[in-house]
Amino acid sequence: MAKSPFRTGRAGRIAEADSVVVIGLGRFGRALALELMQTGTEVLGIDNDEEIVQSLNGELTQVVRADSTREETLRQLAVHEFDRAVVAIGGDIQANILTASILRGFEIPHLWAKATSDQHGRILEQLGVAHVTYPEAEMGRRVAHLVRGAALDYIPVDNDYSLVKMSPNSIVIGRRLGESGIRQKYGVTVMAVRRGVEPWCNADSDTVVQADDTILIAGPTVKAEAFGQLR
Ligand code: ATP
């Protein structure tokens, strides 16, 4: 088995504080690992499928073929030295739970695991996994909001609070946000504005939104969604 560059690489370092181990490189794990790399985080990817490992060779800091249900194997890869780990195995619930249990035993401070159902999520929580994520369910809910309204994007911050990216409506176009009464009347706040291809700018009470701008609003989900449907 290849040794980890996180342990023995050029700098001879052990896993750096912000490096992440991602176990299970299916669609979810792969997208997550590549996004982490994109934003400058070092990633050790682990999967037991040789083809998947080959396909990601050179794309991650290191990618290794290994069975994550074997504690000794994970130790050899220095997984216990990481601060952050994600169990992204989905379909094989047994492998997911076993892996999460081993990582809990390693006392990795920041542990995420993907759950495929509420029961599965409950077991992970009982194991003490701090961050249980439900990608399919979360994406389904997000898309439902997009399908129902006119939002360009919808990001739930929590169950009851959301960010909505949208085209501006008549309530905010052409006057200072401070005069629009948007907070008092609609219970939402314009956080940022984007003009054409310019970068996003934070909005304040003097910001005047134009019809072809894009805006980002924040507020309680029901109010943000209702505002997103006003023209
Ligand atoms: P996705 O929706 O992200 O594609 P999935 O729900 O189809 O995932 P699986 O296919 O079960 O989930 O797992 C994702 C990845 O995890 C696969 O690439 C699989 O090879 C890998 N995997 C499964 N079991 C193990 C294991 N014991 N050790 C390492 N990798 C594993």
Side-chain angles (χ1 to χ4, degrees), residues 1-2 4 6 15 19-39 41-147 153-159:
M1 182 183 307
S4 168
F6 293 93
S19 51
V20 178
V21 55
V22 179
I23 300 177
L25 300 166
R27 286 160 299 182
F28 173 68
R30 166 189 288 260
L32 180 109
L34 291 173
E35 186 68 19
L36 286 168
M37 290 295 295
Q38 191 82 27
T39 49
T41 303
E42 297 208 25
V43 177
L44 167 62
I46 298 175
D47 199 290
N48 63 358
D49 183 315
E50 182 60 33
E51 247 179 68
I52 286 183
V53 168
Q54 286 299 331
S55 73
L56 280 165
N57 201 7
E59 305 282 333
L60 307 182
T61 313
Q62 194 187 20
V63 56
V64 178
R65 182 185 176 195
D67 179 356
S68 62
T69 62
R70 298 168 72 101
E71 179 168 346
E72 199 39 47
T73 305
L74 295 186
R75 272 193 192 281
Q76 282 166 9
L77 290 168
V79 168
H80 57 290
E81 288 167 3
F82 279 73
D83 279 346
R84 294 164 194 275
V86 184
V87 182
I89 300 169
D92 187 342
I93 293 183
Q94 188 173 336
N96 169 297
I97 291 171
L98 268 170
T99 304
S101 162
I102 294 169
L103 298 187
R104 277 292 292 147
F106 288 166
E107 297 184 349
I108 291 178
H110 306 285
L111 179 57
W112 278 259
K114 165 178 165 170
T116 51
S117 67
D118 289 346
Q119 294 94 318
H120 181 188
R122 265 200 298 281
I123 295 170
L124 290 169
E125 278 166 17
Q126 282 161 2
L127 274 178
V129 175
H131 309 281
V132 178
T133 175
Y134 303 81
E136 283 90 2
E138 280 158 14
M139 186 50 83
R141 278 201 293 275
R142 188 167 165 189
V143 172
H145 286 276
L146 295 178
V147 169
D153 205 352
Y154 167 91
I155 302 146
V157 176
D158 240 325
N159 279 343

Enquirer: Could you tell me whether the side chain of D47 and the main chain of L25 form a donor-acceptor pair under 3.5 Å?
Expert: yes
Enquirer: Start with the C-alpha gap between L111 and H131, add the side-chain angles, then the distance that decides, and say whether side chain to side chain contact (heavy atoms under 4.5 Å, CB included) holds.
Expert: CA-CA 6 Å; L111 179 57; H131 309 281; 5.9 Å; no
Enquirer: Inspect the contact between R30 and E35 and indicate whether a charged nitrogen and a carboxylate oxygen are less than 4.0 angstrom apart.
Expert: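 Looking at E35 and R30, the cut-off is not met.
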Enquirer: Please round to the nearest 0.5 Å and tell me the distance separating atom CD1 of I46 and atom CD1 of I23.
Expert: 4.5 Å
Enquirer: Considering residues at least two apart in sequence or located in another chain, which fulfil the salt bridge (Lys or Arg N to Asp or Glu O under 4.0 Å) criterion with R142?
Expert: D153
Enquirer: Begin with the C-alpha distance, continue with both residues' side-chain angles, and end with the deciding distance and a verdict on side chain to side chain contact (heavy atoms under 4.5 Å, CB included) for L74 and F106.
Expert: CA-CA 10 Å; L74 295 186; F106 288 166; 3.8 Å; yes
Enquirer: Decide yes or no for T116 and I93: does some side-chain heavy atom of the first lie under 4.5 Å from some side-chain heavy atom of the second?
Expert: yes
Enquirer: Stepwise, does the side chain to side chain contact (heavy atoms under 4.5 Å, CB included) test hold for V79 with L103?
Expert: CA-CA 8 Å; V79 168; L103 298 187; 3.6 Å; yes
Enquirer: Would you mind reporting whether L44 and V20 have side-chain heavy atoms less than 4.5 Å apart?
Expert: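 Side chain of V20 against side chain of L44, heavy atoms only: no contact under 4.5 Å found.
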Enquirer: What are the two closest heavy atoms between V132 and G121, and how far apart are they?
Expert: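 Closest approach of V132 to G121, heavy atoms only: CG1-CA, 3.8 Å.
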Enquirer: If you measure from CG on D67 to CG on L98, what distance do you get to the nearest 0.5 Å?
Expert: 9.0 Å
Enquirer: Of all heavy-atom pairs between I108 and D83, which one has the smallest distance, and what is that distance?
Expert: CG2-O, 3.5 Å
Enquirer: Mind checking the CD-CZ spacing from E51 to R65? Nearest 0.5 Å is all I need.
Expert: 10.5 Å
Enquirer: With sequence neighbours left out, write down each residue that passes ring pair (Phe, Tyr, Trp, His ring centres under 6.0 Å) with F28, or none if nothing qualifies.
Expert: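 For F28, no residue satisfies ring pair (Phe, Tyr, Trp, His ring centres under 6.0 Å) once neighbours in sequence are set aside.
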Enquirer: Measuring from atom CG of L56 to atom CD of Q62, what distance do you get when rounded to the nearest 0.5 angstrom?
Expert: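 Answer rounded to 0.5 Å: 12.5 Å.
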Enquirer: Considering all heavy atoms of both residues, which atom of G24 and which atom of I89 are nearest to each other, and what is their separation?
Expert: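 That would be CA-CG1, 3.9 Å.
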Enquirer: How close do S19 and T41 get, heavy atom to heavy atom, and via which atoms?
Expert: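 What the structure gives for the nearest pair is CA-CG2, 4.2 Å.
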Enquirer: How close do S68 and T99 get, heavy atom to heavy atom, and via which atoms?
Expert: OG-OG1, 2.8 Å
Enquirer: Are side-chain heavy atoms of N96 and H120 found at a separation under 4.5 Å?
Expert: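 Heavy-atom side-chain distance check passes, below 4.5 Å.
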Enquirer: I need the E81 CD to R75 CZ distance, nearest 0.5 Å.
Expert: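 Answer for the CD-CZ pair, E81 versus R75, is 9.5 Å.
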Enquirer: Does CD in E50 sit with more than 12 non-hydrogen atoms of other residues, nucleotides or ligands closer than 6.0 Å?
Expert: yes
Enquirer: How many angstroms lie between CD1 in I102 and CD in E72, if you round to the nearest 0.5 Å?
Expert: 10.5 Å
Enquirer: If you take all heavy atoms of V129 and W112, which pair is closest and at what distance?
Expert: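 For V129 versus W112, the nearest heavy atoms are CG1-C, 4.2 Å.
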Enquirer: Is there a donor-acceptor contact under 3.5 Å from the side chain of T73 to the main chain of A66?
Expert: no
Enquirer: Would you please name every residue forming a salt bridge (Lys or Arg N to Asp or Glu O under 4.0 Å) with E125, sequence neighbours left out?
Expert: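 So E125 forms no salt bridge (Lys or Arg N to Asp or Glu O under 4.0 Å) with any residue.
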Enquirer: Are L36 and V22 packed together at the side-chain level, in the sense that at least one heavy-atom pair is separated by less than 4.5 angstrom?
Expert: yes
Enquirer: Side chains of V21 and V86: closer than 4.5 Å at any heavy-atom pair?
Expert: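 No, side chains not in contact.
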Enquirer: Please evaluate residues E136 and K114 with respect to the criterion salt bridge (charged side-chain N to carboxylate O under 4.0 Å, His left out), reporting the C-alpha separation (whole Å), side-chain torsions for both, the decisive distance (0.1 Å), and the verdict.
Expert: CA-CA 10 Å; E136 283 90 2; K114 165 178 165 170; 3.7 Å; yes
